[in-house]
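Chain A is the first sequence line, chain B the second, and so forth, proteins listed ahead of strands; every chain is numbered from 1.
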There are 2 protein chains.
Amino acid sequence: MSDRKSRPPAASSPDAAVPKAVVSRLSLYLRELQHLVRDGHQRTSSSQLGTLLGFSDAQVRKDLAYFGHFGHPGIGYRCDDLIKAIRKILGTDRDWPVAMIGTGNLGRALLGYKGFTHQGFRIAAAFDVDPQRVGATIEGVRVFHLDQLDTVGHDHKIKLGLIAVPAPAAQSVADRLVAAGIEGIVNFAPVTITLPDHIRQVGVDLAIELEQLSFAVVSRGAGDGAD
Amino acid sequence: MSDRKSRPPAASSPDAAVPKAVVSRLSLYLRELQHLVRDGHQRTSSSQLGTLLGFSDAQVRKDLAYFGHFGHPGIGYRCDDLIKAIRKILGTDRDWPVAMIGTGNLGRALLGYKGFTHQGFRIAAAFDVDPQRVGATIEGVRVFHLDQLDTVGHDHKIKLGLIAVPAPAAQSVADRLVAAGIEGIVNFAPVTITLPDHIRQVGVDLAIELEQLSFAVVSRGAGDGAD
DNA sequence: TAGATTGTTAATCGATTAACAATC
DNA sequence: TAGATTGTTAATCGATTAACAATC
């Protein structure tokens with residue numbers, strides 16, 4: 001007896017376990033929804049989203065259904081509502097102060113790149129060990145000495161760190177970020193870094209992206225479409 | 001009768017079909033192997049590579065076996081040989097002249113980033129539409145007007161293009177790259193671009209990477225380790 | 001030889017697709 | 001109402017793991 005109210009919607013707290021690939025598609029749905037809204041659309045459907053991104057409609061519905069009931073049978077999804085829901089799931093419905101470690105070419109570029117500002121991320125402070133760079137302000141972001149990571153990180157409630165230092169320094173920077181209480185790291189250095197289990201990590205290696213493209217081009221015909 | 005010579009090793013020409021995830025791990029193996037060589041190692045094993053990267057030894061062997069017989073039972077893999085083999089598979093055993101489209105923050109940073117130079121990629125020319133930028137030389141790379149894409153692209157035998165322009169311009173830049181005979185595109189703009197089937201594409205969106213990290217941090221405990 | 005390690009097969013696990021009742 | 005579209009189940013497909021004979 002008793003499934004009167006059926007099972008609870010439970011938005012954004014997956015009971016079971018979310019398949020790896022689902023979360024990355026969630027980000028793509030969000031990006032597409034934001035474009036749809038900008039273009040004046042109020043609602044969309046699993047088949048429209050699927051067509052735009054090259055996925056099947058079934059996959060879109062299944063992905064979203066992992067997290068709750070966001071659609072309306074016969075109608076589709078309200079863009080606004082779905083955007084809010086996905087942001088909540090991804091955790092980007094809040095403000096994320098971020099630390100940038102390294103102010104070389106890549107670090108400076110990321111400081112000037114406004115792309116992720118819109119998604120709730122905000123670079124609150126930058127760090128370097130070069131005395132020539134410490135004390136400067138780049139794109140409105142103050143550069144501190146790496147030794148000040150603990151203090152400044154705590155003051156700004158920084159939870160995420162971006163590593164944009166040369167490969168040989170990446171692991172030791174990662175260790176210091178962990179010691180400073182950071183919870184997640186995006187590692188732009190082309191090296192594998194090892195972290196405690198409770199620290200989350202995403203790696204971005206531009207050489208690897210190019211290699212994937214190179215493979216896709218070279219093995220074209222036999223293979224697939226790389227992305 | 002007759003499987004005397006068994007089946008041909010057939011390095012780097014997969015008869016069947018290479019699973020999607022295998023190729024991205026191949027790049028990680030390559031990166032790790034290069035670090036091992038720099039550290040003075042001459043040989044390695046599937047279990048060493050697996051441990052370094054967090055994969056099982058069986059997975060490492062299976063991934064490599066898609067492309068040929070590179071190891072030696074009882075011995076392991078010679079780092080040098082395996083590096084050569086993987087580079088051949090990925091297509092990075094040759095020179096890849098690359099075009100950078102867009103010389104804003106991100107484009108300039110990528111021009112200065114030496115990371116992928118070592119893997120066979122070389123930015124041969126940059127392009128922009130801003131008259132203030134055209135004619136300049138950034139990090140040794142000449143900036144041409146986008147209208148010169150055909151000519152310059154052909155002269156430099158450019159096969160790959162990196163799109164580092166604002167999102168609204170990305171699709172039209174992509175179209176022009178295709179028209180100029182480019183075969184593959186890395187798209188850094190936070191937008192989905194549509195391309196003919198024979199053009200390969202890899203998307204890199206920094207906001208999306210941060211969202212993946214944010215999700216992993218927020219849903220920590222229940223979930224996995226994001227990368 | 002004994003110990004180590006590969007390449008490969010079979011078994012397990014997980015993710016995608018197709019189909020459809022429920023709903024608007 | 002008829003047409004559209006969801007959420008969900010069952011069937012299919014693909015990828016990972018475990019185990020082991022072959023090899024050095």
Side-chain angles (χ1 to χ4, degrees), chain A residues 3-11 14-26 28-29 33 41-79 81-82 85 223-225, chain B residues 3-11 14-26 28-29 33 41-79 81-82 85 223-225:
Chain A
D3 73 332
R4 215 159 4 126
K5 294 199 136 178
S6 73
R7 78 194 64 76
D15 329 287
V18 185
K20 341 276 184 87
V22 171
V23 186
S24 69
R25 286 195 296 266
L26 230 41
L28 294 172
Y29 300 149
L33 285 161
H41 292 75
Q42 297 210 322
R43 53 174 65 156
T44 184
S45 66
S46 58
S47 70
Q48 181 178 37
L49 279 173
T51 302
L52 286 168
L53 287 162
F55 306 140
S56 72
D57 58 336
Q59 178 147 81
V60 175
R61 291 197 298 278
K62 191 122 217 282
D63 285 348
L64 296 174
Y66 273 102
F67 303 94
H69 300 193
F70 306 121
H72 306 279
I75 306 293
Y77 302 86
R78 277 194 52 84
C79 294
D81 292 347
L82 192 49
D224 61 345
Chain B
D3 73 330
R4 225 175 339 143
K5 293 198 140 181
S6 73
R7 76 193 65 77
D15 328 287
V18 185
K20 341 279 185 84
V22 170
V23 185
S24 69
R25 288 196 295 268
L26 230 40
L28 294 172
Y29 300 150
L33 284 161
H41 292 77
Q42 298 210 320
R43 54 174 64 158
T44 184
S45 65
S46 56
S47 69
Q48 181 178 37
L49 279 174
T51 302
L52 287 167
L53 288 162
F55 306 141
S56 72
D57 57 334
Q59 178 146 79
V60 175
R61 291 198 299 279
K62 191 123 217 280
D63 286 347
L64 296 173
Y66 274 102
F67 304 95
H69 300 191
F70 306 121
H72 308 277
I75 306 291
Y77 303 85
R78 278 195 51 85
C79 294
D81 293 346
L82 192 49
D224 63 344

- Task: Hey, could you give me the CG/CG distance between A:Leu64 and A:Leu49, rounded to the nearest 0.5 Å?
- Result: 7.5 Å
- Message: Would you compute the distance between atom CG of A:Asp63 and atom CZ of A:Phe67 and round it to the nearest 0.5 angstrom?
- Response: 8.0 Å
- Task: Could you check A:Lys62 against A:Phe55 for side chain to side chain contact (heavy atoms under 4.5 Å, CB included), going step by step and ending with a plain yes or no?
- Result: CA-CA 11 Å; A:Lys62 191 122 217 282; A:Phe55 306 140; over 6 Å; no
To the nearest Å, how far apart are [X] [atom1] and [N] [atom2]?
X	N	atom1	atom2	answer
B:Tyr77	D:dT23	OH	P	16 Å
B:Asp57	D:dT16	CG	P	14 Å
B:Gln59	C:dT12	CD	P	19 Å
B:Phe67	C:dT6	CZ	C1'	17 Å
A:Gln48	D:dA4	CD	P	15 Å
B:Arg78	C:dT5	CZ	P	16 Å
A:Lys62	C:dT17	NZ	C1'	10 Å
B:Asp63	C:dT8	CG	P	14 Å

Measuring from the side chain of [X] (C-beta onward, heavy atoms only), which nucleotide among [options] has the closest atom?
X	options	answer
A:Pro73	C:dT23, C:dA18, C:dG7	C:dT23
A:His69	D:dT17, C:dT6, D:dT8	D:dT8
A:Ile75	C:dC24, C:dT17, C:dT8	C:dC24
A:Lys20	D:dA18, C:dA15, D:dG7	C:dA15
A:Arg61	C:dT16, D:dT16, D:dT8	D:dT8
B:Ser45	C:dT5, C:dG7, C:dT16	C:dT5
B:Ala21	D:dT17, D:dT8, D:dT16	D:dT16

- Query: Does atom CZ of A:Arg43 have more than 12 heavy-atom neighbours from other groups under 6.0 Å away?
  - Reply: no
- Task: Find the partner of D:dC24: check Watson-Crick (N1-N3 plus N6-O4 or O6-N4) and G-U wobble (N1-O2, O6-N3) distances, both under 3.5 Å, and reply none if neither fits.
- Result: C:dG3
- Task: Would you mind pulling out the nucleotide paired to D:dT17, Watson-Crick or G-U wobble, both distances under 3.5 Å?
- Result: C:dA10
- Note on the structure: Contacts of A:Val22 and A:His72 projected onto DNA chain C by closest heavy atom; the upstream (5') one is A:Val22
- Please test A:Gln48 against A:Tyr77 for side chain to side chain contact (heavy atoms under 4.5 Å, CB included), starting from the C-alpha separation and ending with a verdict. CA-CA 10 Å; A:Gln48 181 178 37; A:Tyr77 302 86; over 6 Å; no
- Message: A:Val22 vs A:Tyr66, test: side chain to side chain contact (heavy atoms under 4.5 Å, CB included). Steps then yes/no.
- Response: CA-CA 9 Å; A:Val22 171; A:Tyr66 273 102; 4.0 Å; yes
- Would you please confirm or rule out a distance under 4.0 Å between OP1 or OP2 of D:dT5 and any side-chain N or O of A:Ser46? no
- Query: Toward the 5' end of DNA chain D, which comes first, A:Ala65 or A:Gly76, by nearest nucleotide?
  - Reply: A:Gly76
- Query: With sugar-phosphate meaning primed atoms plus P, OP1 and OP2, does A:Arg43 contact a base, only sugar-phosphate, or nothing at under 4.0 Å between heavy atoms?
  - Reply: nothing
